[in-house]
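Inspection log for the structure reproduced underneath, given as structure tokens.
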Amino acid sequence: MDGGAAAKFEKTYNPGSVEGKWYEFWIEKGYFTAPSDPKSSTFSIVIPPPNITGSLHIGHALNNTLQDTLVRYRRMKGMSALWVPGTDHAGIATQMVVERDLEASSLTRHDLGREAFVNRVWQWKRDSGGKILTQLHRLGASADWEKERFTMDEGLSFAVKTVFVELYKQGLIYKDKRLVNWDPKLHTAISDLEVEQRKVKGRLWYFRYPIEDGGGRYITVATTRPETMLGDVAVAVHPEDERYSRLVGKSVVLPLVGRRIPIIADEYSDPEKGTGAVKITPAHDFNDFEVGRRHKLDEINIFDRDASLNENAPEKYRGLDRHEAREAVVMDMEKLGLVDKVTEHVHVVPYGDRSGVVIEPWLTDQWYVDAKALAAPAIEAVEQGRIKFIPERWKSTYFEWMRNIQPWCVSRQIWWGHRIPAWYGPDGKVFVELSEVDAGAAAKEHYGVDIELSRDEDVLDTWFSSALWPFSALGWPEKTSELRNYYPTSVLVTGFDIIFFWVARMIMMGLKFMGEVPFREVYIHGLIRDEKGEKMSKTKGNVIDPLDIMGTYGADSLRFALTALATQGRDIKLSIAVIEGYRNFMNKIWNASRFLFLNLGGYTPGKGCASEPSIVDRWILTRLNYTVREVESSLGSYEFDKVARTIYQFIWGEFCDWYIELVKPVLTGEDTPARYRTQSVLIKVLLNSLQLLHPVSPFITEEIYQRLRSIGVNLKSPEGGLADSIMVSSFPVFDESECDEEAYALVEFIKEIIAAIRNLRAVVGLHPTTTVNVTLFSTDEKMRGKAESGRDLIANLGRVAELNITRGGKPANAIAQVVGGLEVFIPVEGLIDVSKEIERINRELEKLIKSLEQSGKKLSNRSFIDRAPEEVVEKERERFKELSIKKAKLQEILEALSNIG
RNA sequence: GAGCGCGUAGCUCAGGGGGAGAGCGCUUGCUUGACGCGCAAGAGGUCGCAGGUUCAAAUCCUGCCGCGCUCACCA
């Protein structure tokens, strides 16, 4: 071919001009579509559905890059691969977004009414929801967009209803009146997991409660929440606390309220804490609630849904919010002289993770899932290894939570979400059915007549629908082919922050409704931080926006950087500098390809090769195969950082730095068959390198592959046909027959000789282009033979004019280096700083002597010889010998140097 | 309070019973016919501290110090 195709090769890779084009190409070709009737083995992933209100942040970029890498790899291995994309309806978050929009027109959702509001949310979703999925296109995500799902779409809503009704009928969902974490700002219950415990500086008030008929004596209780005293129903002391034993059974008169409340004995009371006597407010404290139930105490709820005081509080406090009430209560207590003291107190206060306000334990009717019952098989599945966590240590996090799991409050008092399929009769009898019609029928059966029912107002926790995602997204409860072919999914890729929220719940629901785990493996990746290890946030201004990054550096660079950083640790510190480094890598690949195109003169793809591969060819092919093996094994074990490192090292450190350089003379030389052979090896190695890289960096690899195709170079698909795209080409396979250990070792040795020459040249301060005469000295014939076989290579990369390989005399006036059993000399012409060189060699010698001593010590140790494995001892002997030889040679060199001086 | 993790080159991090590694940064030299987003050469580390196991410990165990995360906890 001629230079036509090469002419279009710009000097610098420009990702912006190619990425969009190839994404469209893949879509048009339908390459992302998983076969509904797979003929090969399958691989499937469901995306952790991003929140519809979200836009792509760097965490999504990481999460989806890793998924895409896995999917692309398996696809190239010939598997039928399905990656289901979709979004999550994010109940509270989405409702808040739309309410904020309404605020602009001074409206609340209550002004609109439920139906209109929900319509408004749908409208919002159509306009701006799911933006994040199109942003994933930029990243190159090869998800099957035809199968995109939304947790509120019709099918998933049906799945949610089905699950709810089924669990209810099995007694695993029930309604209960207990304390919940109430968010007084959002007016909804939230689950334990949505509560953030924050350490705050508060105060501890010590209140005196007058003892009834106690002759003016008091019992003093301490509290951080004075306002709750208005709901107190008892004072508890420890049964064995002698300070108070006389008082048990007596009563106190609750100040400000006037209620007579008992002093009770309960082990909950801790003599060490506070005064040892604790006020009991069952309606507003989880622990007190338990105490109350034990002693059959009243539950006096003094708050309304805003956490303002209601009619159960004394009149003067009614309508105050909890903060005002606190001040008022304290002031009034002070007036009565009933405040013993006030101390500074650091304690933990629950905050709503969405609203940021203090959560109030509040007594309400809510729906609960009996998580304990569902957890048992889910724990077992992980114990038995039917689900594997990677890294494995996350297993213990999972177990810890699952073994102490609490009932899961799934009802939310908001409007956006799956409305609970429960209907009530006039007497409050509940009918849980799939539809209003079914509920009506059930009611008729119960009451004997048609009767008007009212539907439960609440919606379900968003995570309830997310928990069904691995099977609902595949079409359950319909018996779809996707479900048949792709469930259980192969792996779930996610961050450790949602192991409880999501992973655990998916496992419970998957086992319950599919009778099978939802995924066989869970790969947990780290969370991305900024370069200082801090969480990225808009307020801190340290956000790295993946869209910006892709604009500047290209999606491939970002993806490669994220992959390289995806170690099995917790935090991933990302900086622009790292991304820039991998952008440079992309450019390196680009230029290696460019070089190839500029040197394809006379090459015809597909034409047989007349010439036997050279040692250098065999070396790079061996190295390539080792790389393939390493990459495949790392992908299999989710060691993404190793995947990236291995590819990087091979392409840059071996292919570009050595193979291309070693082979340049052949490409410009007269030996046509050799040139032809080299061209074909270059192409093979480049192609395979691109394939190895493709799952991580899909765009540049496709761009270069398509350029190769344009000159008639093609890859094969797993089925054996020509691959129209690198993404449907067959991933390279480790091929033992292409490995040549001897050639490999030989070229490694030659590389060392070249490095030694380069080092000496630098010492002498030779200009890179001036040539030099080099003597390679060895008394070992084999060694000289090896050097001889690399003569041209050494001469070329060492810029050697005359290469003398000899066992004869060593040159005088020369400086030297030792490589294995070989001495490398270059003459010293003119002035060099001999003393500096002596110093340098002395330093090397020092290190050498130290290792030699260590090695000698080992070998003279009887127990080492006796107990260490034979091959270790042998290796040590070998090493000792080599070190000794090297030491002797260095000493000779030193001597020779001092003669020059 | 319980659990988990991490302390390795100036920075970010791999590695993991038997010769200290990478990228970035740094120093020196270079219009080397692919690439200065580059090439070549180099400097730089008692692998947190103290014990123990072992023929052998950066690597395994114990303790300590420092840092981080998760869970629990409103007297």
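By convention in this document, chain letters (A, B, ...) are assigned in the order of the sequence lines, proteins followed by strands, and residues within each chain are numbered from 1. Just so you know, these numbers use all the heavy atoms, side chains as well, and skip hydrogens, waters and symmetry mates.
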### Task
With the side chain of A:Q197 defined as its heavy atoms from C-beta on, choose the nearest nucleotide among B:G18, B:C4, B:A72.
B:A72
### Query
B:A22 base to A:K642 side chain: any donor-acceptor pair below 3.5 Å?
no
### Query
Which whole number of Å gives the distance between the C1' atom of B:A9 and that of B:A14?
13 Å
### Task
Using a 4.0 Å cut-off on protein heavy atoms (strictly under), produce a 5'-to-3' string for nucleotides 39-45 of chain B with B for base contact, S for backbone-only sugar-phosphate contact, and - for none.
SSSS---
### Summary
Under the rule of Watson-Crick or G-U wobble with both distances under 3.5 Å, where | means paired to another strand and [ ] a crossing pair, RNA chain B maps to ((((((((.[[[[.)..(..]]]].(((((.......))))).....[[[[[..)....]]]]])))))))....
### Task
Working to the nearest 0.5 Å, report the span between CD1 of A:I579 and OG1 of A:T552.
9.5 Å
### Nearest to side-chain heavy atoms of A:H347, which nucleotide of B:C74, B:G3, B:C37
B:C74
#### Entry: Donor/acceptor link under 3.5 angstrom from A:R393 side chain onto base of B:G5
no
### Query
Looking at side-chain heavy atoms only, is the closest gap between A:H238 and A:E267 below 4.5 Å?
yes
### Message
For the residue pair A:R707 and A:F597, would you count it as a cation-pi contact if the rule is NZ or CZ under 6.0 angstrom from the ring centre and within 45 degrees of the ring axis?
### Response
no
### Message
Would you measure the distance from the P atom in B:U53 across to the matching atom in B:A58 and give it in whole Å?
### Response
15 Å
### Query
Can you find a donor-acceptor N/O pair under 3.5 angstrom joining the side chain of A:R594 to the base of B:C35?
no
### Task
Write down the distance between CD1 (A:I499) and P (B:G5), rounded to a whole number of angstrom.
13 Å
### Query
Is there a donor-acceptor pair under 3.5 Å between the side chain of A:W182 and the backbone N or O of A:A307?
no
### Task
Looking only at non-hydrogen atoms, find the nearest pair between A:F501 and A:L193 and report the distance.
CZ-O, 3.2 Å
### Message
Tell me the interatomic distance from A:I524, atom CD1, to B:U70, atom P, rounded to whole angstroms.
### Response
15 Å
### Task
Please state the P separation for the pair B:C49 and B:U54 - nearest whole angstrom.
23 Å
### Query
When the C1' atoms of B:C69 and B:C26 are considered, how many whole Å apart are they?
34 Å
### Query
Under 4.0 Å: is that the gap between some side-chain N or O of A:N584 and OP1 or OP2 of B:G38?
yes
### Message
Please report the distance separating the C1' of B:G17 from the corresponding atom of B:G1, rounded so that it comes out in whole Å.
### Response
36 Å
### Query
Which nucleotide sits closest to the side chain of A:S269: B:C69, B:A75, B:C37?
B:A75
### Task
Output the single nucleotide from B:A75, B:U12, B:G3 whose closest atom is nearest the side chain of A:K273.
B:A75
### Message
If you compare every side-chain N and O of A:H345 against the phosphate oxygens of B:A75 (OP1, OP2), does one of them come in below 4.0 Å?
### Response
yes
### Message
With side chain to side chain contact (heavy atoms under 4.5 Å, CB included) as the criterion, how do A:N181 and A:F286 come out once you've worked through the C-alpha distance, each side chain's angles and the decisive distance to 0.1 Å?
### Response
CA-CA 10 Å; A:N181 298 299; A:F286 288 98; 3.6 Å; yes
### Task
Using atom CG of A:D866 as one end and atom P of B:A56 as the other, report the distance to the nearest whole Å.
13 Å
### Query
Has A:T567 got a side-chain N or O lying under 4.0 Å from the OP1 or OP2 atom of B:A14?
yes
### Message
Heavy-atom nearest nucleotide on RNA chain B for A:K664 versus A:W394: which residue maps closer to 5'?
### Response
A:W394
### Query
Given the C1' atoms of B:A43 and B:G29, what is the spacing between them in whole Å?
15 Å
### Message
Assess, by modelled atom type and distance only, whether the side chains of A:S633 and A:K642 contain a donor and an acceptor separated by less than 3.5 Å.
### Response
no
### Task
Give a yes-or-no answer on whether the side chains of A:N759 and A:Q817 include a donor-acceptor pair shorter than 3.5 Å.
yes
### Query
Does A:K875 place a side-chain N or O at less than 4.0 Å from the phosphate oxygens OP1/OP2 of B:G18?
no
### Query
Any chance the side chains of A:D340 and A:Y218 put a donor and an acceptor closer than 3.5 Å?
no
### Task
For the side chain of A:E876, starting at C-beta, report the closest nucleotide among B:G18, B:C74, B:U12.
B:G18
### Message
Quick one about A:K341 and A:T343 (side-chain donor to acceptor, distance below 3.5 Å, no hydrogens or angles considered), yes or no?
### Response
no
### Message
Considering every strand and a 4.0 Å limit on heavy-atom distances, what is the contact class for A:S851: base, sugar-phosphate, or nothing?
### Response
nothing
### Query
From B:A34, B:U70, B:C73, pick the nucleotide closest to the side chain of A:F500?
B:U70
### Task
Go through the side-chain N and O atoms of A:H767 and A:T769 and say whether any donor and acceptor fall under 3.5 Å apart.
yes
### Message
As a test of reading the structure: which of B:A75, B:C74, B:C30 is closest to the side chain of A:P350, going by heavy atoms?
### Response
B:C74
### Task
For B:C11 versus B:G25, give the span between their C1' atoms, rounded off to a whole number of Å.
7 Å
### Options B:G29, B:G18, B:A75, nucleotide nearest the side-chain atoms of A:P768
B:G29
### Message
Taking A:T770's backbone N and O only, do any of them form a donor-acceptor pair with A:R761's side chain (distance below 3.5 Å, no angle check)?
### Response
yes
### Message
Heavy atoms only, 4.0 Å cut-off, all strands: where does A:R799 land among base, sugar-phosphate and nothing?
### Response
base
### Query
Any side-chain N or O of A:H767 under 4.0 Å from OP1/OP2 of B:U31?
yes
### Query
How far, in whole Å, is B:G23 from B:G38 if one measures between their P atoms?
12 Å
## Note on the structure
In whole angstroms, the gap separating C1' of B:C24 from CZ of A:F585 amounts to 16 Å
### Message
Could you tell me how far apart A:L558 (CG) and B:C37 (P) are, to the nearest whole angstrom?
### Response
21 Å
### Message
Using the side-chain heavy atoms of A:K573, tell me which of these nucleotides is nearest: B:G19, B:A34, B:C13.
### Response
B:C13
